[in-house]
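Proteins get letters first, then strands, A, B, ... in listed order; numbering begins at 1 in each. Computed from a predicted model, the values in this text were never measured in an experiment.
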Amino acid sequence: MLLESLTPAQREAVTHVDGPVLILAGPGSGKTRVVTHRVAYLVEQGVAPGQILALTFTNKAAEEMSARVARLLPGASVWMSTFHRFAARLLRDYAPLVGLDENFTIYDAQDSRHVLKRVLDELDLDTPHVAPERVAAAISRAKNDLVTAEEYAARPGNPTGRIVAKVYPAYQRRLLSSSAVDFDDLLLHVAQLLRNHPEIRQTLDARYRYIMVDEYQDTNRAQYVILRALSHDYPNLAATGDPDQSIYGWRGADLNNILEFEVDFPEVHIVRLERNYRSTKRILRVADALIVNNVRRKHKDLYTQNDEGAPVRMVAYRTHKEEAESIAAQIVHQVQSGRRRPRDFAVFYRINALSRALEDAFHEQGIPYQIVHGQEFYQRKEIKDVLAYAQLVNNPRDDVALERIINMPTRGIGKKTVDRLSDHAGRHGLPLLEAARQAGMIEGLSSRAAVSVARFVATIDRIGEVAHDAVEAVLGTVLSESGYREMLTDSQTEEDQNRLANIEELLTAAREFDTQHPDDGTLESFLEQVCLVNETDDWEVETDKVTLMTMHAAKGLEFPVVYIIATEEGIIPHERSQKDPLQLEEERRLLFVAMTRSAHELQLSRAVYRNFRGQRRRAIASSFLMELPRQEMEIVEAFFGTTWESGTDDYRRGDDDRSDQFGDGGFGDASIDDGAFDVDQTPLNERTARQRGGAGGRSGGRTANVSSTASTTSSADDRARITTAAALVDAANEEDPPALPSDKSRTTAGTAGRTAGTRATPAIKPVPTEVFVQGMAVVHPEHGLGKIVALSGEGDRRKATVAFVTAGERKFVLAKSPLRPAGEQRH
DNA sequence: TCATGACTAACTGTT
DNA sequence: TTAGTCATGA
């Protein structure tokens, strides 16, 4: 019955139990279905769930699969995770073998950049300015290719290579001495571990007898080696992939891994899934017309028995703002008409920076949305600061964490002082924290500085005392002991208030973690989780919101309606990929991936003017657009016959623009006709135009003055309709509070719903436990005035540590305590 | 020796 | 737009 719902080809893939299998799966061919069903099938056939390992590239994919497997196999615990998370877990067990402590820290890109810069500074290279980016990329690439620091040093190549050969080993030494790894190290260390310790390899190979890899075309050398090592004695490797969807070449993904699978596993069984169950015929034909332009590919026939469908829309807007507003308006319209729900829509873009205009437009029109952003939340300064305290406590050798927080909030410990500490540490081979302990003995350090440093060390030690408490309590202690909370509460700026809200959110995340891991919830595992998430963890399939994300993040997903914005030269294909034909092909694949996410409707759009680095610049249609079959498409120029009033417009900046754009008094063909668009005016976007016209004064002189000549009727009516629609969207969403971001410095859209309710409930007894928040002033009938230092637990079991002015620190079970907030809570 | 404010250069994608 | 650097004043 498990197999009933599958097609013959899918069934073939699912029921292939022993021996290697390669599943070549085109977009929309039911690949995820195959993987999840295969897991279920294996278990049904008697394979222990613990022997199955499913690896993906993104957390999102891993979660999606877990969820689906859980539906097929309630209760079974199959390990599904990203490569990196899997590697991190393994490394915890074998850390000493690769020169790390068990409690090693995982540095994110920012942290490792910091280390790299320090190394570059210290090495005193003769070349004055090497772009750290460049070096970082080279090191990362080397690691992905499994070239170690020593090996790299042995064979310097180009000029950058020469520098890298010096820097890489120093960088690596530094990481190890901090007992830290960067993302690439996770894979590198594991690959080496498996290579150098045959007995471990054997154990793990036997433990993970059935391995499944998703997106095999995106594996790099390190991942490949890990997979091979774990599939030696038990070569039950099931790889799924599609060469046409390889979009991570820049990260070392090696297409040969999939193209040569048959060479690596001669006895491989190959299954092809070429029938598409997702998209309309039209969408598929358009996408196919694009991808056939790639030279480096194996021909594949995609077909579908779905409907013909609507033509793919190709729209040229005047500005990025109109693009965003039009998309928002279209969504509102469709939701309002009852045809679709917000969750049916997705908007994809090549680079994250392009999301802003969309956010503004969605916000304005009251459309609930979620942004799937790489790491946003955990990259915020305040979050990283707070976590750095925890990291330092967890791993006292973590120099990056120490440098980050030693003067945050400011304690009068400046650069000079840190340099001296660093010197001392270097000379004696100590971690910075150890050096700081000896501050009193370091010459050249003023006594004032020494006192500050000693105070800092004491702070860390106090936090260290509670390191084994619940994570939320640890973070709470960080906030109060470090003075971080005080610093923010003292400040009146809105920015700092937002930071506080974000920190509150972090505490909520910690609380959730504590609840989920009542026994095994160590600080260390929390930090690991936090380091390896990207925000996609908060991408909830279930909620009813429009999804905004990069094309890369879109891989593996599908939506009824897809908008792809900014199909402009330099954006997609990205300017840095234009020169290299191979990279250009990857860009084409990327667009192909984006297009094939869509089931029913697809719109590609571009803007003639787009803000770029704060400046407005002209954009040319992407060359990819010219490869698309126009007979399958509806070509729209959403210019509404508007004209520009010369003199008031703002588009005139930018030196090379002047010549061609205003001669015709509007946006005639001369300035934009690049062959990709017909002049075919469709009032697709009338309402938006009017709305913009109506609100024209809003942005003051920065916006061009637009007078609409074509669409002048019933704008009031339309606006009313839009408002109503927005209200409907809100109403539809009521049970699930819409996470409408309030402004730019909001907490992230995806997580806003999680924010603790700090504003509820005036104090009537009994005081609900959620009223109490970190740092709050409280009154106790006996002990008097105090302040909440730390919180942990949930519901009735929620506990608070309170520091009283006179009575010292005490712990309470909130539900049973007579504590109440001090003074009236405003808000 | 630090903190602060002005200035400048950079900005792909993911773990 | 923003993070990071630099110069200046306390």
Side-chain angles (χ1 to χ4, degrees), chain A residues 55-62 81-88 106-114 117 129 131-133 137 140 143-144 181-188 215 218-220 222-223 246-253 348-357 372-376 378-381 407-420 444-449 452 495 528-537 549-556 566 570-578 583 586-587 589-591 593-594 611-615 744-745:
Chain A
L55 294 173
T56 63
F57 280 81
T58 61
N59 293 300
K60 184 158 35 82
S81 100
T82 63
F83 270 99
H84 287 83
R85 197 180 288 273
F86 171 71
I106 301 169
Y107 285 165
D108 66 15
Q110 213 181 94
D111 299 331
S112 37
R113 185 78 47 80
H114 182 90
K117 279 198 178 138
H129 265 311
E133 318 287 332
S140 170
K143 286 183 174 179
N144 285 323
V181 298
D182 63 21
F183 282 137
D184 302 314
D185 277 339
L186 288 169
L187 302 176
L188 178 65
E215 314 285 8
D218 284 330
T219 46
N220 57 35
Q223 289 161 328
S246 162
I247 55 176
Y248 285 99
W250 50 274
R251 216 199 49 192
F348 302 149
Y349 34 83
R350 174 65 232 269
I351 55 180
N352 279 311
L354 293 172
S355 69
R356 173 139 288 156
V372 178
H373 234 190
Q375 312 208 332
E376 266 273 295
Y378 289 106
Q379 298 254 333
R380 283 163 199 272
K381 181 183 180 315
N407 200 31
M408 180 56 63
T410 52
R411 312 181 160 86
I413 305 175
K415 189 167 182 303
K416 271 270 150 32
T417 308
V418 175
D419 281 347
R420 299 226 162 95
L445 212 58
S446 71
S447 61
R448 200 176 58 146
S452 300
E495 190 189 5
E528 176 187 310
Q529 164 165 322
V530 159
C531 285
L532 294 177
V533 286
N534 62 28
E535 199 98 13
T536 54
D537 274 19
M549 61 175 123
T550 65
M551 298 184 187
H552 280 93
K555 190 160 70 159
I571 292 182
I572 171 84
H574 193 270
E575 55 184 341
R576 295 201 201 175
S577 304
Q578 283 167 327
Q583 287 186 42
E586 181 157 309
E587 296 283 312
R589 289 194 293 268
L590 184 56
L591 185 56
V593 166
N611 273 11
F612 194 68
R613 306 232 258 267
Q615 289 226 317
K744 298 197 172 102
S745 41

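- When each of C/dT2, B/dG13, B/dC11 is scored by its nearest atom to the side-chain atoms of A/R356, the top-ranked nucleotide is C/dT2.
- At whole-Å resolution of the value, CD1 in A/I571 and P in B/dC11 are 16 Å apart.
- Taking atom CD on A/Q110 and atom C1' on C/dA3, their separation rounds to 9 Å, with Å as the unit.
- Summarising the geometry, the separation between CD on A/Q578 and C1' on B/dG13 is reported as 16 Å, rounded to the nearest angstrom.
- Evaluation of A/W250 against the base of B/dG13 yields a stacking contact (centre distance < 5.5 Å, interplanar angle < 30°).
- As rounded to whole Å, 16 Å separates atom P of B/dG13 from atom CZ of A/F348.
- Evaluation of the side-chain hydrogen bond (donor to acceptor under 3.5 Å, both in side chains) rule for A/S140 yields A/D184 as partners, not counting sequence neighbours.
- Interatomic distance, A/E587 CD to A/R576 CZ, rounded to the nearest 0.5 Å: 11.5 Å.
- Atom CE in A/M408 sits about 13 Å away from atom C1' in C/dA3, given to the nearest Å.
- Relative to the side chain of A/K117, the nucleotides C/dG4, B/dC11, B/dG13 differ in distance, and C/dG4 lies closest.
- Atom-to-atom, NE2 of A/H574 to C1' of B/dT12 comes out at 4 Å; the value is rounded to the nearest Å.
- Put simply, the side chain of A/L590 reaches to within 4.5 Å of the side chain of A/R350, judged on heavy atoms.
- Among the heavy atoms of the strands lying under 4.0 Å from A/E133 are primed sugar atoms or P, OP1, OP2 only; no base atom is included.
- Among the protein residues, A/F83 comes within range of no part of the nucleic acid, since none of its heavy atoms lies under 4.0 Å from any strand.
- Annotation: the span from A/R420 atom CZ to A/T417 atom OG1 amounts to 7.0 Å, rounded to 0.5 Å.
- Between A/N352 and B/dT14 there is a side-chain polar atom (N or O) within less than 4.0 angstrom of OP1 or OP2.
- Listed for the A/T410 side chain is no donor-acceptor partner under 3.5 Å among the backbone atoms of A/N407.
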What does the list of N/O pairs under 3.5 Å between the protein and nucleotides 1-6 of chain B look like, with a distance for each?
{"residue": "B/dT1", "atom": "OP1", "partner": "A/R420", "partner atom": "NH1", "Å": "3.0"}
{"residue": "B/dT1", "atom": "OP1", "partner": "A/R420", "partner atom": "NH2", "Å": "3.0"}
{"residue": "B/dC2", "atom": "OP1", "partner": "A/G414", "partner atom": "N", "Å": "3.3"}
{"residue": "B/dC2", "atom": "OP1", "partner": "A/T417", "partner atom": "OG1", "Å": "2.1"}
{"residue": "B/dC2", "atom": "O5'", "partner": "A/G414", "partner atom": "N", "Å": "3.3"}
{"residue": "B/dA3", "atom": "OP1", "partner": "A/G412", "partner atom": "N", "Å": "3.3"}
{"residue": "B/dA3", "atom": "OP2", "partner": "A/N407", "partner atom": "ND2", "Å": "3.1"}

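- Atom NZ in A/K381 sits roughly 14 Å away from atom C1' in C/dT2 (whole-Å rounding).
- Residues forming a side-chain hydrogen bond (donor to acceptor under 3.5 Å, both in side chains) with A/T56 (at least two apart in sequence, or on another chain): none.
- Distances from the side chain of A/S577 to the nucleotides B/dT12, B/dC11, B/dT14 place B/dT12 closest.
- Following rounding to the nearest Å, A/I351 (CD1) and C/dT1 (C1') show an atom-to-atom distance of 12 Å.
- Of the inter-residue distances, the one linking A/E528 atom CD with A/R85 atom CZ reads 7.0 Å to the nearest 0.5 angstrom.
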